[in-house]
Amino acid sequence: PAVDVDAPVTETFRDIENIEAADLPEPHSSVTFRPVVAVTADTNAVFETSVGVIHRINDRTRFVAHAERGQPQVVDEDVATLVTENLHATVELDPEQFGEVFDDVEERRFGQTQTEYKEWAVERLQQHHTTTVTYTGDNNVTYDKTCEPNRSDISVQSIEPVYLPEVRHTTDLQEYTYPYEYYAAGPSRIAAEDGIHRCVHCDTSGGDETYTYCSNCGAIACSSHIKTERLEGEPVCTGCAVTERFALKTKYFYDEENLEAFREEYAAMPLHEKAMENKWLAGGSVVATLLVVVGLLVIGGII
Ligand SMILES: [Zn+2]
Ligand SMILES: [Zn+2]
């Protein structure tokens, strides 16, 4: 069956101004199967001193960790949720079947054995649950006691090794390449990197910002790095625009040719139209004229 693996990219480009789905080239798409372990463990511990029980742990913990070579790394909470919610729906990994829809398929290996991950999980939970408790003794003196559960207080209920598909699309638009990366499981996905909602000219990314595509150079830019091309009235970014000041205001052009065409247009304009090239200036001169008129009326004894 034809799987539209590019759909998330098309969808992500939907709220970029000045570019339509039909204008998008096919992205380069790759999938990496990343080994993760989903751990469920119970910790039960009671801490007592001569004054009685001072601390209790009765906790079930679920967490997910990247399990490639090197030290396991606990994944972000939303990725962990994605994994645990889809654990019931795992399928046998057959990388070849993905070769037809993705340009590249990579399968990473588990770095350690299941027993080693179990050891690591117990140690991690030991640290996680260790806390300092302050209590008052019979002699009315305040004590601090570090409560660290024993290894035997922690029992790993399950440790499930699964591959989490990480999909990376890169879309080339003229001079720029836009990456979009997400983790996928079942019908859900969690974006890992969104290089589409990001201005190529500054640090602005994500959020409520409006991003606009510059058809002159391929840039996606934030609202402060997008201007209106003076001759054609279309968006152009500050990175590629050719500029010149008219009526003291900077105007933006796709290229020298458009600038030259506008110079001629401008030269032929009547004065008041030239002034309109800087609306602030035009507004300013209207105010000044009125004041003078009022002044003349005062002097003439009319007011
Ligand atoms: Zn910007
Ligand atoms: Zn541009």
Side-chain angles (χ1 to χ4, degrees), residues 5-30 76 78-79 103 166-183 189-269 273-283:
V5 292
D6 306 337
V9 174
T10 318
E11 221 170 90
T12 308
F13 266 102
R14 201 171 290 161
D15 56 357
I16 305 297
E17 305 283 331
N18 200 36
I19 190 162
E20 300 299 323
D23 304 331
L24 292 171
E26 199 179 312
H28 180 273
S29 302
S30 62
D76 291 341
D78 47 359
V79 179
D103 300 310
E166 183 185 61
V167 178
R168 185 177 175 84
H169 299 287
T170 47
T171 307
D172 289 326
L173 290 167
Q174 301 183 60
E175 295 169 31
Y176 297 91
T177 298
Y178 299 98
Y180 184 69
E181 199 173 293
Y182 60 90
Y183 291 110
R189 56 174 200 267
I190 303 282
E193 190 195 356
D194 179 358
I196 296 168
H197 290 90
R198 185 158 70 196
C199 176
V200 302
H201 299 307
C202 71
D203 292 336
T204 306
S205 65
D208 301 327
E209 179 65 36
T210 300
Y211 298 93
T212 306
Y213 176 66
C214 170
S215 60
N216 201 38
C217 72
I220 289 174
C222 72
S223 48
S224 60
H225 288 113
I226 280 286
K227 302 290 176 185
T228 301
E229 212 273 358
R230 178 57 188 90
L231 194 71
E232 304 189 19
E234 297 293 329
V236 64
C237 79
T238 55
C240 68
V242 175
T243 62
E244 189 164 303
R245 285 162 81 87
F246 290 90
L248 301 179
K249 199 165 187 320
T250 306
K251 300 286 165 182
Y252 299 82
F253 301 92
Y254 283 150
D255 48 32
E256 289 291 343
E257 249 167 69
N258 277 18
L259 167 59
E260 186 51 44
F262 183 72
R263 270 193 204 122
E264 280 165 28
E265 209 176 277
Y266 185 78
M269 275 181 191
E273 228 173 87
K274 278 186 178 148
M276 283 306 286
E277 284 304 314
N278 186 338
K279 294 200 181 72
W280 186 84
L281 255 194

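In listed order, ligands and their atoms are each counted from 1.
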* Asked: Under 2.8 Å from the Zn ion (ligand 1), how many protein N, O or S atoms can be found?
  ->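 Total protein N/O/S atoms under 2.8 Å from the Zn ion (ligand 1): 4.
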* Looking at the rings of F262 and F246, which for Trp means the six-membered one, are their centres under 6.0 Å apart? ->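 Ring centroids of F262 and F246 are less than 6.0 Å from each other.
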* Which atom names give the shortest non-hydrogen contact between E277 and K249, and what distance separates them? ->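 Closest approach of E277 to K249, heavy atoms only: O-CD, 3.8 Å.
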* Yes or no on side chain to side chain donor-acceptor pair (under 3.5 Å) for S29 and D6, after CA distance, side-chain angles and deciding distance? -> CA-CA 8 Å; S29 302; D6 306 337; 3.3 Å; yes
For atom [atom1] of [X], decide whether the heavy atoms of other residues, nucleotides or ligands shown that lie under 6.0 angstrom number more than 12.
| X | atom1 | answer |
| --- | --- | --- |
| E265 | CD | yes |
| E257 | CD | no |
| D15 | CG | yes |

* Rounded to the nearest 10 degrees, what's the angle SG of C237 makes with SG of C217 at the Zn ion (ligand 2)? Could you check? =>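 About 110° at the Zn ion (ligand 2).
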